[in-house]
Structures are given as structure tokens and as C-alpha cells.
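Computed from a predicted structure; not experimentally measured. Numbers for residues simply follow the sequence, beginning at 1.
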Amino acid sequence: MNTATPPAAEGRSGHPEIPTRLVVAALVREDGTVDAGELYAVADLLGMSETQIRLCVKRLVTEGRFTQEGRGRKAKLRAVADATGSLAPDAAYVRHAYRQDAGLAPWDGTWHLFAFAVPESRRTARDALREHLLHLGAAPLQSGLYVTANPIAELVRGQARHLGVLDTLTSFSTTHMRVGDITDPRTLAAALWPLDEIAERHEQLAAFAETRLARLTPNQALSGAELIGTAVELAARFTAAMTPDPLLPPQLLPRPWPGTRARRLAADCWRRLHRSTHTGETSPLRLFALYTDAMNQADDDQ
């Protein structure tokens, strides 16, 4: 059930390597503008050079994604279309994660399996269907056979129909699955998904959010650039943690599972950042609206 962007790599400074395009997208305000002075200031805090940003802006303008008024740090960019798609969390995915954390989405013991045999002549469609299954958190059992603990059949069938290969797809469910000699559900999950790697990414997110929460207090006044830089990095770390996470039910995960704590700290950090930056003096960043809406939907269920 995963629709996040690919995980970011760790940079020399200890934070994920954040693409310059993502920084520009993160600074788009609700009125569609980006203040270049703010952009350069945030980029500098994230370890990006002025040349990197200048070249990125030039490419974005050349591609027709933004228009530019003025030059240098006094310029104003205006998005021609919504540039925040790469930053947007999937609200349904985030909502499901927090529902699981709150114990509101218990597992019924059912495994959902998908098999397909798309001919070589339709390799592009076959690869797209496989990527969609992985994107949704399914794990490969063997060639052309995938399994997940989440009920994603309608999403998979919809994609297969879109690709024109629905007739090659077989889906079925079972409460009894054996892989080799393994039948215990928790042991199966540990064998099929890279839980140690996923847990480590969540621990990195938790450590970052906890550190930033300690700084986001009334006694420590941060500049606007520092607050926005923290938000950009939090978005990157949240994506890095959530992208490889298949959101397995708690009954299949080690206890305690670091994802639960990481998501709680991330939500606390977002709320505090939102309060600190929402002054009403300028149009708010779309980035905050995207995450605030996702978090609010999760809160509504609890």
C-alpha cells in the first residue's frame, strides 16, 4: 500500500541527499510562488551551493515548469503547474499507517496472493504490474507470484485492467500459507520482507524528529529558513522511512516496532513546525498543507 517516492540516500552531512528540484517544490507557497531569497537561504542550510540552485532554477524555467521574475536572490518564481507532486504523501497510505499504530486496523489472518503470466511480447506491461505490486508492499514468493497481508486486490486489478493484462492475473486469499517449512506468520513476514532495513530507516526518522523537537521550543527561536529547512528534511526522511515499508499489520512485526514511535514523533514535529511557521504574514507553504491534511485525516480516525 505504498505510494511514496524512492528513498533518499544519506549524504556526508548526515541528512538524506535531497534533490534540488525537491527543495524548489517544497518552497512553493499556496499562491504558487517561490521567493528566491528564501530558496537560497534554505538550500545553504541543507548544504547546497548557490550554483546548484541557480542551475536547477534555470532548468525548471527552461522546461516550462516555472516562470521567473527578477534575478538572483531577489527573483520570484511562479509555478506553471502544481510542483508539489513529488512531495505529497499519499493521505490514504499515511492514514492506514496511523490506524495500525493506534490498533484500529488489526489483521484478520488472511494472506492475499497474486500470480500473473504476461507474455514476453508485453514485457512493458509485465514490468509495470510487477512494480505496482512491489509499490503496494507485496513481496515476491517466486517468479510471477506475490503476497501481502493487506487487502489490495482492487488496486492490483485496477492496474492490471489499465495495462490491459487483467486476463493474465490470478488473485486468491488464504489463512494458511507455507514457504518451505515455515508456517508461523511472524516468521514468514521476517523471511519475506527486509524488516531490519525498514526498522533502521524508521529509527533514523525518529532520531531526527526527536532532535528537532528539542529545538522547536519557544525558548529557541529559529529563523524562517531554519524552520523550512527542517520541514524539507523531515519530508525527505519521512519518505525514506515509509517508501520501503509494506505496512504489515502489527501482529506480524517485531515488538516494539520502531515505525510506531517514528511516526508519532514525526507527527509531533509537523504540528510544531506548522505552528511556528504559520504566521499569516505570507502565503503558507503547500508542503505544510499536504502533510497537515494527511496527519489530520489520521487524527480523525483516532
Side-chain angles (χ1 to χ4, degrees), residues 4-89 204-205 208-209 211-212 215-216 220-243 266 269-270 272-274 276-279 281-292:
T5 51
E10 288 290 327
R12 291 189 301 273
S13 61
H15 60 69
E17 289 287 0
I18 303 172
T20 50
R21 286 173 178 251
L22 188 147
V23 179
V24 177
L27 268 70
V28 175
R29 296 192 173 275
E30 289 289 355
D31 61 5
T33 64
V34 176
D35 180 270
E38 188 173 63
L39 171 61
Y40 281 104
V42 171
D44 182 63
L45 289 171
L46 294 173
M48 298 176 182
S49 70
E50 186 170 326
T51 299
Q52 282 180 283
I53 296 300
R54 186 171 63 251
L55 291 175
C56 178
V57 169
K58 183 178 180 180
R59 286 193 295 269
L60 290 170
V61 171
T62 300
E63 293 170 9
R65 299 177 185 274
F66 286 84
T67 60
Q68 180 174 341
E69 305 166 12
R71 297 176 61 83
R73 292 176 179 265
K74 294 184 179 180
K76 177 179 288 187
L77 306 178
R78 187 174 297 277
V80 175
D82 187 2
T84 54
S86 60
L87 285 167
Q204 291 170 357
L205 169 62
F208 175 80
T211 299
R212 294 307 184 269
R215 298 179 60 196
L216 292 169
Q220 299 193 46
L222 300 181
S223 69
E226 288 174 318
L227 291 168
I228 294 171
T230 296
V232 174
E233 192 171 353
L234 181 61
R237 285 188 178 274
F238 192 82
T239 295
M242 294 288 280
T243 295
C269 200
W270 274 116
R272 200 168 297 180
L273 279 166
H274 187 261
S276 298
T277 58
H278 193 66
T279 62
E281 297 174 1
T282 58
S283 176
L285 296 181
R286 287 181 183 171
L287 174 66
F288 285 102
L290 293 171
Y291 275 87
T292 300

Between A209 and A266 the two heavy atoms that sit nearest each other are CB-N, 4.0 Å
Applying side chain to side chain contact (heavy atoms under 4.5 Å, CB included) to R215 and not counting sequence neighbours gives R212, Q220, L222, E226
Worksheet item: Considering only heavy atoms from C-beta outward, does the side chain of R21 approach that of R65 to under 4.5 Å?
Response: yes
d(M242 CE, L205 CG) to nearest 0.5 Å is 9.0 Å
Sorted by chain and residue number, the side chain to side chain contact (heavy atoms under 4.5 Å, CB included) partners of A225 (sequence neighbours excluded) come out as A41, V42, L45, S223
So CG of L39 and OG1 of T20: to nearest 0.5 Å the spacing works out to 9.0 Å
Across all chains, not counting sequence neighbours, the side chain to side chain contact (heavy atoms under 4.5 Å, CB included) partners of T67 are R78, V80
Residues passing the side chain to side chain donor-acceptor pair (under 3.5 Å) test with Q68, sequence neighbours excluded, are none
### Message
Taking the side chain as everything from C-beta on, heavy atoms only, tell me whether L216 gets closer than 4.5 Å to L273.
### Response
yes
Closest heavy-atom pair, V24 versus V34, reported as atoms and distance to 0.1 Å, is O-CG2, 3.9 Å
Are L77 and V28 side-chain neighbours, meaning at least one heavy-atom pair lies under 4.5 Å?
no
- Query: Mind checking whether V57 and F66 have side chains closer than 4.5 Å, heavy atoms only?
  - Reply: no
Here the side-chain hydrogen bond (donor to acceptor under 3.5 Å, both in side chains) pairs for residues 35-44, sequence neighbours left out, are R29-E38
In short, L46 meets G229 closest at the heavy-atom pair CD2-O, 4.0 Å
Salt-bridge criterion met for E233 and R237 (N-O under 4.0 Å)
yes
Residues at least two apart in sequence or cross-chain that pass side chain to side chain contact (heavy atoms under 4.5 Å, CB included) with K58, listed by chain then number, are T62
